[in-house]
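Atoms considered below: every heavy atom in the structure, side chains included; atoms not considered: hydrogens, waters and symmetry mates. Since we're looking at a predicted model, the values are computed, not measured. Residue numbers start from 1 in every chain, and the chains themselves are labelled A, B, ... in the order their sequence lines are given, proteins ahead of strands.
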2 protein chains.
Amino acid sequence: MLKITRKVEYALIALRHMQAKDPEGLTSAKEIATHYGIPKQLLAKTLQQMARDNIIQAVQGPTGGYRIRANLGKISLKDFFERLEGPLGMMDCFFESDCIQINACNIRVPIQRINDNMRDMFSKMTLMEVTQ
Amino acid sequence: MLKITRKVEYALIALRHMQAKDPEGLTSAKEIATHYGIPKQLLAKTLQQMARDNIIQAVQGPTGGYRIRANLGKISLKDFFERLEGPLGMMDCFFESDCIQINACNIRVPIQRINDNMRDMFSKMTLMEVTQ
DNA sequence: ATAAATACGATTAAAATTGTCGTATTTATT
DNA sequence: AATAAATACGACAATTTTAATCGTATTTAT
């Protein structure tokens, strides 16, 4: 429990790789995938999603690839996680309303408080802290 | 991602229920299961595990049940989570050593740092904050 | 003796995550 | 114009993890 997904993991690996290598130049999905031994297609999808979110910029065609577009020091880990995986919650019932016994539940409020602490923590850390 | 498991959820519901109801008297798994609409057998197992961990005390036989044994204000959420679910890590590679590209990995250290922050946070919160 | 509770390993079911496939589009190069 | 190498992306399959159930044993108040 309390794990991050591979998607997030691959995204962070890619960002750090791009930043360390050449923040201006382009890096292909293939390069990253082979370098770190991760599935290329899955990585590609994640990169495409980050491109849609304007975290990185995509360039098509041969010689194409990705480069960092956003200021990584200004994107909190909370925002990053939520862009890739949706709202951050320790229990599903914070977002989905199909919990029948939601009224009986006696820990919703206290867990909500802990959840807020966690979101707070991730709000105070930026992507830069991972990538540099 | 970053979710707690149902096991932990049920354990917290049970603890809070026991504390709110009657810290001295016994509460059966059945009572809690029916009250909150959760699977009895699964809850029972979780209670049994907490009993083995001396968080609660089990009494067998009819009229048996469980009561809180430990001082909930002295058990951190980190310890509680780890007793129920094993070591707390955002990535598996912190514990399992079967990641082949562990050397190439460029985010192990930074994620480790974030993980430490998270463990720190849960170290500072006690079970009591959830149950009362 | 019976019934109601805990104890717990083994198994199954369900859900979430992870990975692959197939096809389309873009564009530098020849 | 043809080709090749890259991104784009929906649909599907495989795997893993989580959740739930089953079956049986043990304990003990009545």
Side-chain angles (χ1 to χ4, degrees), chain A residues 1-11 13-14 18 25-34 36-67 69 81 84-86 89-93 95-96 98-99, chain B residues 1-11 13-14 18 25-34 36-67 69 81 84-86 89-93 95-96 98-99:
Chain A
M1 70 170 202
L2 295 171
K3 292 225 179 351
I4 60 175
T5 61
R6 290 256 196 265
K7 190 158 94 179
V8 166
E9 205 178 306
Y10 296 158
I13 287 174
M18 287 190 274
L26 291 169
T27 308
S28 71
K30 188 181 178 185
E31 173 182 328
I32 298 173
T34 58
Y36 297 97
I38 60 187
K40 183 184 142 191
Q41 300 248 48
L42 188 52
L43 171 66
K45 278 191 171 183
T46 305
L47 291 167
Q48 285 154 27
Q49 187 176 352
M50 285 200 286
R52 281 195 298 273
D53 285 342
N54 290 320
I55 296 171
I56 59 182
Q57 177 193 9
V59 175
Q60 287 195 322
T63 77
Y66 303 88
R67 70 163 63 88
R69 158 174 270 173
F81 290 164
L84 288 184
E85 299 286 355
M90 295 172 70
M91 297 196 307
D92 287 334
C93 65
F95 315 110
E96 298 162 22
D98 61 348
C99 177
Chain B
M1 71 171 200
L2 295 171
K3 292 224 177 356
I4 60 175
T5 61
R6 290 254 197 269
K7 190 158 94 179
V8 166
E9 204 178 308
Y10 297 158
I13 288 175
M18 287 189 274
L26 291 170
T27 309
S28 71
K30 188 180 178 185
E31 173 183 328
I32 299 174
T34 56
Y36 297 98
I38 61 188
K40 182 184 143 193
Q41 300 248 49
L42 188 51
L43 172 66
K45 278 192 172 184
T46 305
L47 291 167
Q48 285 154 26
Q49 187 175 353
M50 285 201 286
R52 281 194 298 272
D53 285 342
N54 290 321
I55 296 171
I56 59 182
Q57 178 192 9
V59 175
Q60 288 196 321
T63 77
Y66 304 88
R67 70 163 62 88
R69 158 173 269 173
F81 290 164
L84 289 184
E85 299 286 355
M90 295 172 70
M91 297 196 307
D92 287 334
C93 65
F95 314 110
E96 297 162 22
D98 61 348
C99 177

**Prompt:** Reckon Ala51(B) touches a base, only the sugar-phosphate, or nothing at all at heavy-atom distances under 4.0 Å?
**Reply:** nothing
**Message:** At 4.0 Å (heavy atoms only), tell me whether Ala44(B) reaches a base, stays on the sugar-phosphate, or touches nothing.
**Reply:** nothing
Using both distances under 3.5 Å as the test, list the Watson-Crick or G-U wobble partner of [N], or none.
N       : value
dT6(C)  : dA25(D)
dA14(C) : dT17(D)
dT30(D) : dA1(C)

Atom pair distance, as rounded to whole Å: [atom1] in [X] and [atom2] in [N]:
X        : N       : atom1 : atom2 : answer
Gln41(B) : dT18(D) : CD    : C1'   : 17 Å
Leu43(B) : dC8(C)  : CG    : C1'   : 15 Å
Lys7(A)  : dA16(C) : NZ    : P     : 14 Å
Gln48(B) : dA5(C)  : CD    : P     : 14 Å
Leu42(A) : dC12(D) : CG    : C1'   : 14 Å
Lys40(B) : dA7(C)  : NZ    : P     : 12 Å
Tyr10(A) : dT17(C) : OH    : P     : 14 Å
Arg6(B)  : dA13(C) : CZ    : C1'   : 14 Å

**Item:** Nearest non-hydrogen partners of Ile32(A) and Ala14(A), listed with the distance
**Value:** CD1-CB, 3.9 Å
**Request:** Determine the minimum heavy-atom distance between Pro39(B) and Tyr10(B), stating which atoms define it.
**Result:** CD-OH, 3.7 Å
**Message:** Whether Arg52(B) contacts dC8(C) is assessed here as follows: a side-chain N or O lying under 4.0 Å from the phosphate OP1 or OP2. Is that the case?
**Reply:** yes
**Message:** Assuming nearest nucleotide by heavy-atom distance, tell me which of Lys3(A) and Ala58(A) is located more 5' along DNA chain D.
**Reply:** Ala58(A)
**Request:** By nearest nucleotide on DNA chain D, pick out whichever of Gln60(A) and Met1(A) is the more 5' one.
**Result:** Gln60(A)
**Asked** Any N or O donor-acceptor pair linking the side chain of Lys45(A) to the base of dT20(C) at under 3.5 Å?
**Response** yes
Quick one, [X] and [Y] - any side-chain contact, counting heavy atoms below 4.5 Å?
X        : Y        : result
Ile56(A) : Leu47(A) : yes
Gln57(A) : Tyr66(A) : no
Lys3(A)  : Met1(B)  : no
Met50(A) : Leu84(A) : yes

**Item:** Toward the 5' end of DNA chain C, by each residue's nearest nucleotide, Ile4(A) or Gly61(A)
**Value:** Ile4(A)
What's the closest nucleotide to the side chain of [X] if the choices are [options]?
X        : options                   : result
Pro62(B) : dA16(C), dC22(D), dA29(D) : dA29(D)
Ala29(B) : dA6(D), dG19(C), dT6(C)   : dT6(C)
Thr63(B) : dA20(D), dT7(D), dA29(D)  : dA29(D)

